[in-house]
Amino acid sequence: MAGPLGKDLLGLAPLSAEQIRLVLDTAIPFREISERAIKKVPTLRGATIVNLFFEASTRTRISFEFAEKRLSADTVNVAAAQSSVSKGETLVDTARNLEAMKIDMVVIRHPASGAAQFLAERIESNVINAGDGTNEHPTQGLLDLMTLRDKFGELAGRKICIVGDVLHSRVARSNIWGLTKLGADVAVCGPRSLLPNAIEEMGVTVFNRIEEAIEWADALNVLRLQLERMQAGYIPSLREYNRVFGVTSARLDKAPRDIVILHPGPMNRGVEIDSDVADGPHSVILDQVTNGVAVRMAALYLLAGGKPELAEAAKKGAP
Amino acid sequence: MSRDLLLKGGRIVDPSQGLDTIGDVLLRDGKVEACGGAIGTPDGAEVVDVSGLVVAPGLIDVHVHLREPGREDVETVATGAHSAVAGGFTGVCAMPNTKPVTDNQATVGFVKRQGETAGFARVYPYGAISLGQKGETLAEFGEMVAAGAVAFSDDGKPVESAHLMRTALEYARAFNVPVAEHCEDMTLARGGSMNEGLMSAKLGLKGIPAEAEEIYVIRDILLAKRTGGHIHLCHLSTKGSVELVRWGKERGINVTAEVCSHHISLTEAAVEGYNTNAKMNPPLRTQEDVEALQQGVADGTIDLLVTDHAPHHYDEKEREFADAPNGIVGLETALGVNCTYLLKPGIISLAQMIDAMSCKPAKVFHLPGGTLARGSVGDVTVFDPARTWTCDPKQFKSKGRNTPYGGHTFNGQALLTVVGGRVVYRAN
Ligand SMILES: [Zn+2]
Ligand SMILES: [Zn+2]
């Protein structure tokens with residue numbers, strides 16, 4: 001038996017527009033829980049969730065942990081870098097062990113594309129992808145969609161440009177899938193060396209200059225530039241990156257409309273984004289963080305619908 | 001003295017003699033005693049009725065990995081040679097990227113002897129181009145040829161130094177052996193794990209562009225032009241490579257090329273779902289590339305059909321896509337794949353297929369066989385190009401089970417494999 005999202009949340013590519021809307025709609029009442037004095041409901045009481053992080057990501061892990069705790073789940077955090085992987089344990093061994101421990105849900109972050117799917121195919125627990133290699137980061141995509149919906153209402157026809165290192169970004173992929181499914185016009189902008197070769201075939205407009213993107217867009221989702229891209233030879237220097245592709249207030253001032261600014265964090269201020277933009281009036285970066293917890297609560301809740309005993313508990317604690 | 005073997009009433013297709021006729025083949029003392037027409041049964045001969053079946057000179061695969069020495073847990077020369085005969089191959093050339101590398105006469109001799117002891121397909125060792133396949137020092141070609149090496153390659157990786165490749169091509173001329181290249185510019189491939197294109201963009205996997213292969217294809221063709229040496233280009237996978245080989249051949253440059261069965265039958269779509277059984281190097285490409293490769297076989301630009309047989313332990317493939325090893329078990333599916341994807345749709349004729357899988361490999365690599373002419377080695381493959389069968393990896397004779405064809409239904413199967421006049425495989 002599977003809930004309305006199926007057994008797992010592996011990405012936005014496999015979800016329908018209706019399923020995406022369901023998560024976003026479900027997240028709204030969950031966001032209200034976080035506004036209460038006692039930020040806790042018994043929805044997932046008795047459920048055990050493992051946060052399996054093969055890659056450090058403090059923000060995502062904390063956001064998931066808050067979401068789980070606010071739903072009263074029992075959680076265990078495994079920083080796999082310190083344990084099994086360094087001992088040479090393979091992902092398939094990890095899966096077998098998790099299965100043997102009768103875990104209800106697994107939240108996995110892994111440096112390899114496809115790792116979440118790999119795990120999901122081998123265990124009965126629900127799996128949530130918290131970022132797999134350069135493939136997808138669905139809850140980040142969902143929180144971006146939620147934030148944009150707060151601003152714009154329906155996203156159909158809205159122009160959203162993803163700026164920066166699309167090639168190595170799982171956030172960009174989840175955004176592209178999610179936004180196009182909800183009918184938004186999607187563009188990418190960045191140095192060609194950091195854009196996938198066949199990106200146009202995914203139905204995405206490409207801007208080679210940030211000025212053109214700003215002229216076009218209703219919102220910019222500014223990606224974090226991994227500093228090692230410079231050493232790896234994808235761009236000449238961070239300084240040049242800022243001068244050519246940086247989202248600066250001087251550039252935004254020339255825009256024909258107020259542009260909503262998103263960033264998945266953590267930011268390199270002065271590289272991909274200037275501080276006055278990040279902290280400025282059109283930035284929704286902190287809303288994204290708030291929405292992140294709500295969207296993750298919604299995802300956990302909807303996936304738990306797949307387990308009879310949890311569905312029972314969920315009914316009692318439903319918002 | 002072994003018993004005579006009479007294959008009776010088959011359709012003999014032997015492009016080396018321009019033969020396509022119904023008749024008998026008689027094998028005696030390990031050799032072809034007579035071929036064609038009705039042959040009376042000699043006293044004590046074993047008679048096999050092969051009417052309705054194709055009788056061809058034994059198939060030869062010039063590109064396999066048998067893993068011995070070093071990874072006998074994955075495959076041995078014996079299990080690989082057994083796998084070969086089950087797929088209809090009477091001869092295979094074993095790549096030298098073993099552990100240790102087959103880069104000296106002792107190891108070449110060892111591989112050759114393991115093949116002889118096993119007694120299935122003939123095993124012809126490759127020697128490495130460079131010591132330890134490190135790409136630095138030329139290995140001792142002469143010594144290795146004396147020990148049985150039939151060609152040289154650093155397959156598994158490219159020869160990065162153009163100077164070393166030039167030297168290898170020049171030096172190999174003395175022994176009249178091909179130098180085989182794994183064409184891949186590593187600075188461009190950069191650890192990619194599939195074809196660079198729409199699918200890699202969608203899956204978030206690092207891609208290997210077609211040009212990573214093509215840059216080496218043209219470099220090596222030009223080096224062959226300069227040196228007069230024989231360059232053999234391994235497992236070509238792109239449309240551009242076919243065009244470059246055509247360019248080289250038009251100019252009379254000493255270049256030959258091979259293509260794997262998987263590259264003429266599958267596209268990058270097989271990778272969807274992070275299917276590690278579809279992970280190979282070079283990667284599966286696009287439909288346009290597949291069609292260009294098929295066309296290349298049809299017009300003779302591509303000389304040989306090979307498998308790049310690369311067995312792995314199942315648990316090595318059962319992991320994250322980017323970290324999984326490359327390659328598939330090829331020997332037991334190749335004939336089925338080629339019959340289904342080249343022969344059945346009429347892209348090539350039966351004679352062309354046998355030419356590319358038997359006669360030309362023998363000619364290009366100067367190997368025994370590839371013909372049923374009287375007096376030649378008694379290596380014969382009997383197959384049914386129409387017989388339907390479904391691939392079940394559990395039935396493989398290879399130790400490997402890694403194939404993207406599990407559950408696929410093919411037309412075309414080897415039914416009887418004869419090496420040196422002796423039946424070494426019979427399908428049930
Ligand atoms: Zn190779
Ligand atoms: Zn190979």
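Letters A, B, ... are given to chains in the order of the sequence lines, protein chains preceding strands, and every chain is numbered from 1.
- With a 4.5 angstrom heavy-atom cutoff, B:A201 touches chain A via backbone and side-chain atoms both.
- B:M95 has its side chain within reach of B:C234: a pair of non-hydrogen atoms, C-beta onward, lies under 4.5 Å apart.
- Heavy-atom pairs under 4.5 Å with chain B peak, among A:H168, A:E121, A:R122, at A:R122.
- Only the side chain of B:K206 comes within contact range of chain A, judged by heavy atoms closer than 4.5 Å.
- B:L198 touches chain A through backbone and side chain together, each having a heavy atom under 4.5 Å away.
- Contact count versus chain B (heavy atoms, under 4.5 Å) is highest, among A:A13, A:A198, A:G11, for A:A198.
- There is no contact between A:R170 and chain B, counting heavy-atom distances below 4.5 Å.
- Ring pair A:H110/A:F54 is tilted by interplanar angle, where 30° to 60° counts as tilted.
- A cation-pi arrangement is present between B:R219 and B:Y216, with the terminal nitrogen or guanidinium carbon under 6.0 Å from the aromatic centre and inside a 45° cone about the axis.
- For A:Q117, the part lying near chain B is the side chain, with the backbone staying farther off; criterion is any non-hydrogen pair under 4.5 Å.
- For a residue to count as touching a neighbouring chain, one of its non-hydrogen atoms must lie under 4.5 Å from one of that chain's; by this rule B:E196 touches chain A with the side chain only.
- Residue with the most contacts toward chain B among A:P196, A:S113, A:A172, A:A115: A:S113 (heavy-atom pairs, distance under 4.5 Å).
- Here B:I221 contributes atom CD1 and B:R246 contributes atom CZ; the two are 11.5 Å apart, rounded to the nearest 0.5 Å.
- Checked against the 6.0 Å centroid criterion, the rings of B:F321 and A:F118 do not qualify as a close aromatic pair.
- Remark: B:R190 qualifies as a cation-pi partner of A:Y234 under the 6.0 Å distance and 45° angle criteria applied to the six-membered ring.
- Ring orientation note: the planes of B:H235 and B:H182 are nearly perpendicular, at an angle over 60° on the 30°/60° scale.
- In this structure, the portions of A:A232 lying under 4.5 Å from any heavy atom of chain B include both its backbone and its side chain.
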